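The next block holds one structure in the form of structure tokens; read it before the comments.
For clarity, every value in this text was computed on a predicted model and none was experimentally measured. To find a chain, count down the sequence lines: A is the first, B the second, and so on, and within it residues start at 1.
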Protein chains: 2
Amino acid sequence: MSADVQAPAPRRRTRIQREKRDLILEAALEVFSAHGFRGATIDQIAEAAGMSKPNLLYYFRRKEDIHETLMQRLLDTWLAPLRELDDVGDPLTELRSYIHRKLEMARDFPRESRLFANEILQGAPRIMPLLEGELKTLVDDKAAVIDGWMRAGKIARTDPRHLIFSIWATTQHYADFDVQVRAVLGPGRGDEHRFEDAARFLENLFMDGLRPRAR
Amino acid sequence: MSADVQAPAPRRRTRIQREKRDLILEAALEVFSAHGFRGATIDQIAEAAGMSKPNLLYYFRRKEDIHETLMQRLLDTWLAPLRELDDVGDPLTELRSYIHRKLEMARDFPRESRLFANEILQGAPRIMPLLEGELKTLVDDKAAVIDGWMRAGKIARTDPRHLIFSIWATTQHYADFDVQVRAVLGPGRGDEHRFEDAARFLENLFMDGLRPRAR
DNA sequence: CTAACGTTTGTCCATCCGGTCAAAATTTGC
DNA sequence: GCAAATTTTGACCGGATGGACAAACGTTAG
């Protein structure tokens, strides 16, 4: 039995409706993430989804509806790694795996990352409530967990919220600024193995910083 | 009589031309950084610059010309902090001030940061050559400097290029993702002092990482 | 004063784009 | 097999937008 995501009380969706909507959302992710909301046109999305514009508009009445649906679906996937950050287990290990999971997401879902980045960059006009609600709550929650670790002396004392920001920033950078990263690394080893190199680097950075280790 | 194909070789510019062009570029920075290239309209820029659209088009023949000029002017300012990274002086101190300077730029020139972010996010269609040329050269150069420090045992060994990326990512995050940062910190102390807090946090992170310090 | 040059404006155009609509084609429930 | 419901399509619309243009306005040098 299907339970509809949010839309206002239409009767339960047809198989075709579910399939086509998914097709459209996939196409829209491709187009929105590459050009931003304003830069993307319905025609582009329709073509990428292999259907005509009026046909697409039969499934989503307005361009903004597509974007909104996409955003809502994505937020869950996107925040999953942070949700998993758990109080049990060794703090340093927990944080290390959080960083790795985030980096894997940047590698495997760069379009999703760019979609969010695009939205935030332009002032998050369409997802402000989500940021101030769901996201803030989650971060508050996890910041408390991290704070507990600090108080217990398990990790160094710093600002837990800025720690989370820095993990987001460093990992998502490899998705959002991919072209720049590749341009700078140039062809050759760096370009091919950039995610492995990034993983190793970030682990070093977050665990021990730059100060030379006395051995 | 005019024969110039595109930019170069116009006779020297009038005082009015210089003033108006600057005015337009300032307005364009505001508008482009807030809406992206495609999202910005010539009318918006013209209004922000306090002139009519045809008047603006008298100084810049095409929308893209404004963007291009803006980009070229900005790159210098933007990379200045990295250029200053110097071989002389204590490596850790050098890196610390680089981080601080970058963070100050994110605080004082958020529009510039967002303009670049927008461009890179969309695949850098208009500045690819700059990335592969000027930027890559500069990074190669500074990576060599950092590498020297590592070989000399002055800082821990890691990947110098990814180190640079991580500094860019963490500092620019406070400009590019400002709305998200503010939404998550919420009103109150965090919001007001976010840049000071960020500075302190980043210094801790880059110097010593998260491992609890034996005291 | 006036001719030459630089600047500004109103008007106009072609195209793009989000969205509508009615009719045609297809699928579904009985 | 057939009527009702769903899906698809082509044609169309109105507003926004990038840009062209010529006429008007202002400034400056002789």
Side-chain angles (χ1 to χ4, degrees), chain A residues 1-2 4 7-28 30-32 34-71 118 122 125-126, chain B residues 1-7 9-25 27-28 30-32 34-70 118 122 125-126:
Chain A
M1 275 297 141
S2 71
D4 47 31
R11 21 216 75 190
R12 72 184 177 321
R13 290 200 175 106
T14 318
R15 173 186 54 88
I16 294 187
Q17 271 170 345
R18 261 177 284 119
E19 286 173 5
K20 293 283 164 114
R21 282 174 64 96
D22 282 351
L23 232 150
I24 292 169
L25 289 172
E26 159 65 25
E30 187 71 30
V31 179
F32 279 140
H35 305 288
F37 181 78
R38 190 106 190 315
T41 74
I42 300 185
D43 280 298
Q44 281 177 310
I45 300 173
E47 195 191 330
M51 64 182 73
S52 67
K53 177 169 67 169
N55 197 182
L56 181 150
L57 285 166
Y58 170 73
Y59 294 101
F60 291 90
R61 296 244 284 278
R62 296 178 311 151
K63 184 184 177 183
E64 217 174 324
D65 291 347
I66 310 176
H67 192 266
E68 199 186 314
T69 307
L70 212 45
M71 272 324 196
N118 255 308
Q122 326 240 316
R126 281 166 285 271
Chain B
M1 255 287 128
S2 70
D4 44 39
V5 179
Q6 34 141 344
R11 22 216 77 190
R12 69 178 174 326
R13 293 202 173 103
T14 318
R15 174 185 54 87
I16 295 187
Q17 271 171 344
R18 260 178 284 121
E19 285 174 5
K20 294 281 164 116
R21 281 175 65 96
D22 283 351
L23 232 151
I24 292 169
L25 289 172
E30 187 73 29
V31 178
F32 279 140
H35 305 288
F37 180 78
R38 190 108 189 317
T41 72
I42 299 185
D43 279 298
Q44 281 176 309
I45 300 173
E47 195 191 330
M51 64 182 73
S52 65
K53 178 168 66 169
N55 197 181
L56 181 149
L57 285 167
Y58 170 73
Y59 293 101
F60 290 91
R61 296 242 285 275
R62 296 177 311 150
K63 185 184 177 183
E64 218 175 321
D65 291 348
I66 310 177
H67 192 266
E68 198 186 314
T69 307
L70 211 46
N118 254 310
Q122 325 236 319
R126 280 167 284 270

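Within the 4.0 Å cut-off from OP1 or OP2 of C:dT8, not a single side-chain nitrogen or oxygen of B:S52 is found. Here B:Y58 reaches the OP1 or OP2 of C:dT7: one of its side-chain N or O atoms lies under 4.0 Å away. Contact annotation: B:K20 reaches the phosphate of C:dT8 (side-chain N/O to OP1 or OP2, under 4.0 Å). At least one side-chain nitrogen or oxygen of B:Y59 sits closer than 4.0 Å to the OP1 or OP2 atom of C:dT8.
Between A:R18 atom CZ and D:dT7 atom P there is a gap of 11 Å when expressed in whole angstrom units. Separating the CZ atom of B:R21 from the P atom of C:dG6 is a distance of 15 Å, rounded to the nearest angstrom. What separates CD of A:E19 from P of D:dT8 is a distance of 10 Å, to the nearest Å. The CG atom of B:N55 sits 16 Å away from the P atom of D:dG19 (whole-angstrom rounding). For B:D65 and D:dA20, the CG to P distance is 10 Å, given to the nearest whole Å.
Separation of atoms CG (B:L25) and NZ (B:K20) is listed at 13.5 Å; rounding is to 0.5 Å. Rounded to the nearest 0.5 angstrom, A:E26 CD and A:L70 CG are separated by 9.5 Å. One distance of note links CD of B:Q122 with CG of B:N118; it measures 5.5 Å at 0.5 Å rounding.
Within the 4.5 Å cutoff, no side-chain heavy atoms of A:F32 are placed close to those of A:M71.
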- Task: For each nucleotide in nucleotides 12-25 of chain C, reading 5' to 3', give B when a protein heavy atom comes within less than 4.0 Å of its base, S when such contact involves only the sugar-phosphate, and - otherwise.
- Result: -----SBBBB----
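Shown here for B:I66 and B:A28, the closest heavy-atom pair between the two residues is CG2-CB, 3.5 Å.
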With the criterion being N/O to N/O and under 3.5 Å, what pairs connect the protein with nucleotides 25-28 of chain D, and how long is each?
none

Donor-acceptor contacts under 3.5 Å from residues 37-55 of chain B side chains, at least two apart:
| residue | atom | partner | partner atom | Å |
| --- | --- | --- | --- | --- |
| B:R38 | NH1 | A:R38 | O | 3.1 |
| B:R38 | NH1 | A:G39 | O | 3.2 |
| B:T41 | OG1 | B:Q44 | N | 3.0 |
| B:Q44 | OE1 | B:T41 | N | 3.0 |
| B:S52 | OG | B:N55 | N | 3.4 |

